[in-house]
Amino acid sequence: MSLVIRPARPGDAGLVFQFVRELAEYEKLTHEVETTEAMIEAALFGAHPRVFCDIAEWNGEPVGNAIWFLIFSTFTGRSGLYLEDLFVRPAFRGHGIGKGLMVHLARRCVAEGWARFEWSVLDWNAPSIAFYKSIGAQLKDEWTICRVSGAALANLAQKGR
C-alpha cells in the first residue's frame, strides 16, 4: 500500500468540500458548515490564497486532507503553521495516513524555518487526543480558545461608532 501527499490543485475544491462535510459529520457539527465548494475554490486558488490544503492519496484514491494557514508568534518573531482540519476517511484510519499528513506538515515547518505547528482538538475526541499525544504534541490546557462570530462579531464591530 502506498501513501502520496500532494498539494491541492485547481479542480480539487469539490473533493476538499466533501472532506469538510465528512469531518463536520464526524464532529457532529454539520449545522455549523456555511462554506460552499465555490468558497473553498476561491480560498485555495484565488488571487491571494491565505489557506492551503494537502491531499492524502492511498493507492491513488483521495482519502484525507490537511487544511492549514500561516500564523505568527510575536514571542519567537517567526511564522508558524496552524492546522485547521485534519481528516482521514474512517475506512482508511489506522494505516498511518494521519501521521503521514502530520509528518509532512512538520517537515514543511522545519524546511521553512517556522517556529510552531499548532491546532485545536475537541475535548471529547479521545482517539484524536491519544493520536496527537503519540506524535509528541503537548496539549496546552492553560490556554482557552476565544471566538467572536455571527451577531456578536457584528455587535463588536459596531462598538464605539
Apply side-chain contact (heavy atoms from CB on, under 4.5 Å) to residues His104 and Asp54 and explain how you reach the verdict. CA-CA 9 Å; His104 175 79; Asp54 293 300; 3.6 Å; yes
Given 3.5 Å as the limit, does a donor-acceptor pair link the side chain of Asn59 with the main chain of Ser2, or not? yes
Measuring from atom CD1 of Ile55 to atom CZ of Arg6, what distance do you get when rounded to the nearest 0.5 angstrom? 5.5 Å
Heavy-atom closest pair (Met102 atom, Tyr132 atom, distance to 0.1 Å) is CE-CE2, 4.1 Å
Excluding sequence neighbours, so at least two apart, what forms ring-ring contact (aromatic ring centres under 6.0 Å, His included) with Phe72? none
Which atoms form the tightest heavy-atom contact between Leu105 and Ala66, and what is the distance? CD1-CB, 3.8 Å
I'd like to know if the side chain of Arg93 reaches the main chain of Val88, judged simply by a donor and an acceptor atom lying under 3.5 Å from each other, with no hydrogens or angles considered. yes
Mind running side-chain contact (heavy atoms from CB on, under 4.5 Å) on Phe17 and Met39 for me, showing each step along the way? CA-CA 9 Å; Phe17 178 68; Met39 292 166 76; over 6 Å; no
Taking atom CH2 of Trp124 as the centre, report whether more than 12 heavy atoms of other residues, nucleotides or ligands fall under 6.0 Å from it. yes
So with a 6.0 Å cut-off around CD of Glu34, is the heavy-atom count from everything else above 12? no
Can the positive tip of Arg50 be found less than 6.0 Å from the middle of the six-membered ring of Tyr82, inside 45° of the ring normal? no
Answer whether the closest heavy-atom distance between the side chains of Glu57 and Leu3 falls below 4.5 Å. no
Shortest non-hydrogen contact between Leu83 and Trp119, atoms and distance: O-CB, 3.4 Å
Let me check something: do Leu15 and Phe52 share a hydrophobic cluster, defined by ILVMFWY side-chain heavy atoms less than 4.5 Å apart, either directly or through other members? no
Cys53 and side-chain contact (heavy atoms from CB on, under 4.5 Å): which partner among Asp85, Asn65, Ile40? Asn65
Any chance you could measure Ile97, atom CD1, to Arg89, atom CZ, to the nearest 0.5 Å? 11.0 Å
Within this structure, what is the CD1-CZ distance for the pair Ile5 and Arg107, rounded to the nearest 0.5 Å? 8.5 Å
Taking the six-membered ring for Trp, is the centroid-to-centroid distance between Trp68 and Phe117 below 6.0 Å? no
Closest heavy-atom pair and its distance - Cys109, Arg116: SG-O, 3.7 Å
Dump the intermediate steps for side-chain contact (heavy atoms from CB on, under 4.5 Å) on Val121 and Asp123, then the final yes or no. CA-CA 6 Å; Val121 62; Asp123 62 0; over 6 Å; no
Got more than 12 heavy atoms from elsewhere within 6.0 Å of CD, Glu32? yes
Are Ile129 and Leu23 joined in one hydrophobic group, where the rule is that I, L, V, M, F, W and Y side chains link up if heavy atoms are under 4.5 Å apart? no
Just wondering, do Lys99 and Ile135 contact through their side chains at under 4.5 Å, heavy atoms? yes
Where is the tightest heavy-atom contact between Arg21 and Thr30, given as atom of each residue plus distance? NH1-O, 4.2 Å
Are Phe87 and Val20 connected into the same hydrophobic cluster when the rule is that any two of I, L, V, M, F, W, Y join if their side-chain heavy atoms are below 4.5 Å apart? yes
Closest contact, heavy atoms only, Pro7 versus Asp12: O-OD2, 4.5 Å
So CD of Glu41 and OG1 of Thr35: to nearest 0.5 Å the spacing works out to 11.5 Å
side-chain contact (heavy atoms from CB on, under 4.5 Å) between Val16 and Gln18: does it pass, once the steps are laid out? CA-CA 5 Å; Val16 174; Gln18 184 58 41; over 6 Å; no
Are the side chains of Asn125 and Tyr26 in contact, using a 4.5 Å heavy-atom criterion? yes
Is there a path from Leu101 to Phe92 through hydrophobic residues (I, L, V, M, F, W, Y) whose side chains come within less than 4.5 Å of each other? yes
Would you indicate whether the side-chain heavy atoms of His31 and Leu29 approach each other to under 4.5 Å? yes
Tell me whether Leu81 is reachable from Leu139 by hopping between hydrophobic residues (I, L, V, M, F, W, Y) whose side-chain heavy atoms are closer than 4.5 Å. yes
